[in-house]
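Single-structure report; data block below.
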Amino acid sequence: MTTSQSLRDQIAARHNKAAELSDEDKLYRYNGVLYPEMMCPESHLKVLGDTKARPDDIMLVAYPKCGFTWMLGVLKTIIAEATGNKVVTEILPLIEFLSREDFKIFDEAPSPRFVGTHMHPDNIPVSFYTKKTKMLVILRNPKDTLVSYYHFYNNNPVLPSAKSWDTFFSQFMSGNVAYGLYFDYILAWEKKMDDPNVKIITYEELKQDPSQGIRDISTFFGLTLTEDQVQQVAEGTSFDAMKKNSAKTHATMGSVFFRKGMVGDWKNHFTPEQSQEMDDAFNKHLAGTRLGAKLNYQQYCQ
Ligand code: A3P
């Protein structure tokens, strides 16, 4: 089985290789959407559709910077608490990062397996839908997502540096960033909101009431926690606790994945005009939708 250490080694090796690429070569387009060459080259995306899902895979789905790492920590801790440290197979964090060789390990790995992805819901391999794999989806308000992504571009060797805040703002708004237009992504989940195998949560609701979020997530995956365990998971996966441990869990990327962990940092970055542009885009794409309401845009973005 792949160990956490060997996973970290594989990712570090890809980061080192990415550092040798020019910014222009770090992203490429596949079916119109940008992807990081060093993590998910075309050869990976071409075979992704063949992925063999299992009903008991534990799937975590998020657009970049919506809180994937946090939820991964929450899920791992819930499973450890609920099952008495039962081992869950961890492959590379995202299925699109898997090469054909990695897929052999993935196919043979014992259940339950963690499966993560940033792929648009329409590009998630179809077998995850047909096998009725349970998918936890985390969304975040678009203004803080953009800010977090801007800093990620500037600190992650597999992504090109953002030329400037204004340039990155325009790129994000037009979907010219890795994994495409965030509004498209949210709208695609709107269509799957009533699927009983899909649970959508928001970064902001988790931040406001982590204990309730942890109870809901455990129930969704059919896991039972005592109230003490809920509190333990909440404490162990708070931003401060995860950041403190991040040198161990994420080596040199620790301070990159655990940056500020707050709601509302957009106020330190957006100009009034940019804020208005995002408000208009939100209204254009998501006004009147159920997910638009769930994101509670007025409270967190205005
Ligand atoms: P910021 O850049 O706004 O600080 P992802 O894991 O999807 O890349 O998301 C990264 C974002 O989640 C970062 O946001 C990071 O700080 C935040 N984050 C990571 N762990 C967290 C935690 N335990 N609680 C709250 N936010 C967390």
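Order of appearance sets the numbers: ligands from 1, and atoms from 1 within every ligand.
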### Task
Verify, without hydrogens or angle tests, whether Ser275 (side chain) and Thr271 (backbone) share a donor-acceptor contact under 3.5 angstrom.
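Side chain of Ser275 to backbone of Thr271, a donor-acceptor pair under 3.5 Å: no, none is there.
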### Query
Hey, does the side chain of Asp144 reach the backbone of Asp265 with a donor-acceptor pair shorter than 3.5 angstrom?
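Looks like yes, one N/O pair under 3.5 Å.
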### Message
Which residues pass the side chain to side chain contact (heavy atoms under 4.5 Å, CB included) test with Ser148, not counting sequence neighbours?
### Response
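Per chain and number, Ser148 pairs via side chain to side chain contact (heavy atoms under 4.5 Å, CB included) with Lys65, Arg140.
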As an exercise, identify every atom of ligand 1 less than 4.0 angstrom from a heavy atom of [X].
X      : answer
Lys260 : 4 (O), 16 (O)
Gly261 : 1 (P), 4 (O), 16 (O), 26 (N)
Phe258 : 16 (O), 19 (C), 20 (N)

Nearest-contact summary for [atom] - protein heavy atom, Å:
atom                    : value
atom 10 (C) of ligand 1 : Lys65 NZ, 3.7 Å
atom 22 (C) of ligand 1 : Trp70 CG, 3.3 Å
atom 15 (C) of ligand 1 : Phe257 O, 3.1 Å
atom 6 (O) of ligand 1  : Thr69 OG1, 2.5 Å
atom 13 (C) of ligand 1 : Ser148 OG, 3.7 Å
atom 3 (O) of ligand 1  : Arg140 NH2, 3.0 Å
atom 18 (N) of ligand 1 : Phe239 CD1, 4.1 Å

### Pair Phe169 + Phe270: ring centers closer than 6.0 Å
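Distance test on ring centres: under 6.0 Å, yes.
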#### Entry: Aromatic ring proximity Phe106/Phe103, centre distance under 6.0 Å
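Yes, close enough.
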### Query
Is there a nitrogen or oxygen of Phe68 sitting under 3.5 Å from a nitrogen or oxygen of ligand 1?
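Checking ligand 1 against Phe68, an N or O pair does fall under 3.5 Å apart.
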### N or O contact, Met242 vs ligand 1, cut-off under 3.5 Å
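No; every N/O pair is 3.5 Å or more apart.
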### Message
For Thr237, state whether at least one heavy atom is located under 4.0 Å from any atom of ligand 1.
### Response
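A heavy atom of Thr237 does come that close to ligand 1.
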### Message
With a cutoff of 4.0 Å, is Met262 in contact with ligand 1, counting heavy atoms of the residue only?
### Response
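The answer is no, since Met262 has no heavy atom less than 4.0 Å from ligand 1.
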### Query
What residues, two or more places apart in sequence or in another chain, satisfy salt bridge (charged side-chain N to carboxylate O under 4.0 Å, His left out) together with Asp240?
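If we apply the salt bridge (charged side-chain N to carboxylate O under 4.0 Å, His left out) test to Asp240, skipping adjacent residues, there are no hits.
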Contact partition for [X] relative to ligand 1, non-hydrogen atoms under 4.0 Å:
X      : answer
Ser238 : backbone
Tyr203 : side chain
Cys66  : backbone
Arg259 : both

Is [X] salt-bridged to [Y], going by a charged N under 4.0 Å from an acidic O?
X      : Y      : answer
Asp194 : Arg290 : yes
Asp107 : Lys104 : no
Asp57  : Lys131 : no

### Query
Are Glu96 and Tyr30 linked by a side-chain donor-acceptor pair shorter than 3.5 Å?
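The criterion, which ignores hydrogens and geometry beyond distance, is not satisfied for Tyr30 and Glu96.
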### Flag for Gln276-Asp280: side-chain donor and acceptor within less than 3.5 Å
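Present: a donor and an acceptor within the cut-off.
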